[in-house]
Amino acid sequence: MTILITSILIISLLFIATERQTNINKAAVAVFACTLGWVLYICFGSDFVESRHLYDYTAFLNGIKPNSEAVKLYIAKNVFLPYVGRAAEIVLFLLATMSIVEILNNNGCFDFLMLWIRTRRSKLLLWKLTAFAFVMSANLDNISTIVLMLTVTNAILPRTKDRMIYGSMVLVAVIFGGALTVIGDPTGLALWNKGAITASDYTLSMLLPCLVAWALPTFIVSMKINNTIEIEHPSLPYRGDDTNLNVWQRLILFFVGIGGLWLIPTFHDITKLPPFLGALCVLSLLWIVNELINRNILTAYRKLISRSPQRMQYNMTQQILYIVGVILALGVVTETGSIAWFSEQIDNLIGNIWAIGVITSLISTVLDSFASCMTMVSLHDISATDPYYAIGGAYWKVLSFGTAIGGSILGIGSISGIVMMQMQGVTLKWYIKHIAPLTIFAGILAFSILCLQLTIL
């Protein structure tokens, strides 16, 4: 049964990697794999429980004679639920940040962006777009940021070719901006929830490599494009009398929402409560401020239902289901003992975290970066003796940054990359020809910088 469950995971990863060829949604594949895996696990639960959880299971029975019903209850409460909790921590955080973005967007808090970046100077426009995308993705999830930035990009750029170039560079900025902080990408968030990294140390380690990986391709592209670019002058959307806010009111909402997210690591350090609770706290505070400012709550509620960005909601729903599926699928394989065996083989054959980082980066060019990173993360527990696997150890940072590089090379290694290709009409062939060489070059340099930093420190 162990071989069968492990085979299901491997096959599902192959389907995830070939999503563009099979046209089967990877979120559906991940959810199906985790569901089937746990059903098979519980059908043969006695063998797994007695080999891995004998002491806890005996205590759970409390003198009762072992039976199939007791095994199923033990698995449901003591084995399955902890993995659900790990997935829920990430999902609730993403739901909170997505809601924050919707409230800010519905109140026009990002309208200034369209006015600020609009310029016929192509190089300046490129730097403005990517810089703002880099900063925003460090504070928000990648899906919300890429949809928001591409919506603005497409509103001011009428030509398809320009949209392809600028959209691709925005994607690079979003990927490495998200890799900069523990709340900017599900991978970093999962490592933070696991306790493998701390917020400040992680950001300090990632700062220079992420800046290089974003700025170098942007600089090269800026040298190739023309000095001027054709732009449109769209009018700002009318959002209704109930949200026709003054500038200072929109600034208040913006700083409550975005500024509150900056304080989540501090909230976690002080209270030791899960980060998603801090995100929910920020959301509730922003919600209250929004209703105090808008006053007309019922009209604002109708507007939220009718005008909320459907593309953002759809892609975020996919990402949430995908994350749940991946974590639960890896969880059931872990419970069979296969992960421990695979970890031992990797250590014996490779035994070098830098080489593992490179291999993970290559895998994540075609396999989703979250799945790639979580698979490799599951191979090791946090160690109190080995500095590579300790809290803030090099292993976790190398994996996280390596998968970010892999996700940027072909663009299909992340959901945000697939969203960009769909919105901008970018084909894989075009991306490989025009963008991939730049991200490979910048990625190698940035990864070398990260390895040098971690070796010295």
Lys NZ or Arg CZ of Lys26 over Tyr322 ring: under 6.0 Å, within 45°: yes
Check: Trp396 ring centre within less than 6.0 Å of His380 ring centre: no
From OG (Ser284) to CD1 (Ile100), nearest 0.5 Å: 9.0 Å
CH2/Trp354: more than 12 non-hydrogen atoms of other groups inside 6.0 Å: yes
Gly413 backbone acceptor or donor facing Ser369 side chain under 3.5 Å: yes
Atom pair CD1 (Ile264) and CG (Leu277), whose distance is rounded to the nearest 0.5 Å: 10.0 Å
Tyr202-Trp192 aromatic ring centre distance below 6.0 Å: no
Nearest-0.5 Å distance, SG of residue Cys373 to CG of residue Leu191: 5.0 Å
Thr360 and its side-chain contact (heavy atoms from CB on, under 4.5 Å) partner, picked from Leu367, Thr403, Val398, Ile405: Thr403
Polar contact flag, side-chain donor to acceptor under 3.5 angstrom, Tyr389-Asp381: no
Test applied, side-chain contact (heavy atoms from CB on, under 4.5 Å); reference residue, Val49; option that passes from Ile42, Leu54, Ile75: Ile75
Heavy-atom neighbours of Lys72 NZ exceed 12 at 6.0 Å: no
From CE (Met420) to CD1 (Ile146), nearest 0.5 Å: 7.0 Å
Donor-acceptor side-chain pairing of Ser372 and Ser364 below 3.5 angstrom: no
Distance in Å, Glu89 CD paired with Lys194 NZ, rounded so as to fall on 0.5 Å steps: 12.0 Å
Arg52 side chain to Thr336 backbone, donor-acceptor under 3.5 Å: no
Side chain Thr203, main chain Ala199, donor-acceptor under 3.5 Å: yes
CG (Leu207) with more than 12 external heavy atoms under 6.0 Å: yes
Polar side-chain atom of Thr151 near backbone of Val147 as donor-acceptor pair, under 3.5 Å: yes
I'd like a table of donor-acceptor pairs (distance under 3.5 Å, sequence neighbours excluded) in which one partner is a side-chain atom from residues 170-180, with atom names and distances.
none

Side chains of Gln424 and Tyr166, donor plus acceptor under 3.5 Å: no
Approximate separation, where rounding is to 0.5 Å, of Leu399 CG and Ile197 CD1: 11.0 Å
Salt bridge (charged side-chain N to carboxylate O under 4.0 Å, His left out) partners for Asp56, two or more places apart: none
Distance-only side-chain donor-acceptor flag, Thr97 / Asp141, under 3.5 Å: yes
Pair Gln319-Asn142, side-chain donor/acceptor within less than 3.5 Å: no
Main-chain N/O of Phe219 paired with Ser222 side-chain donor or acceptor, under 3.5 Å: yes
Side-chain donor-acceptor contact under 3.5 Å, Thr218 with Trp127: no
Phe60, CZ: over 12 other non-hydrogen atoms inside 6.0 angstrom: yes
Parallel, tilted or perpendicular: rings of Phe401 and Phe447 (30°, 60°): parallel
More than 12 heavy atoms of other groups within 6.0 Å of Phe342 CZ: no
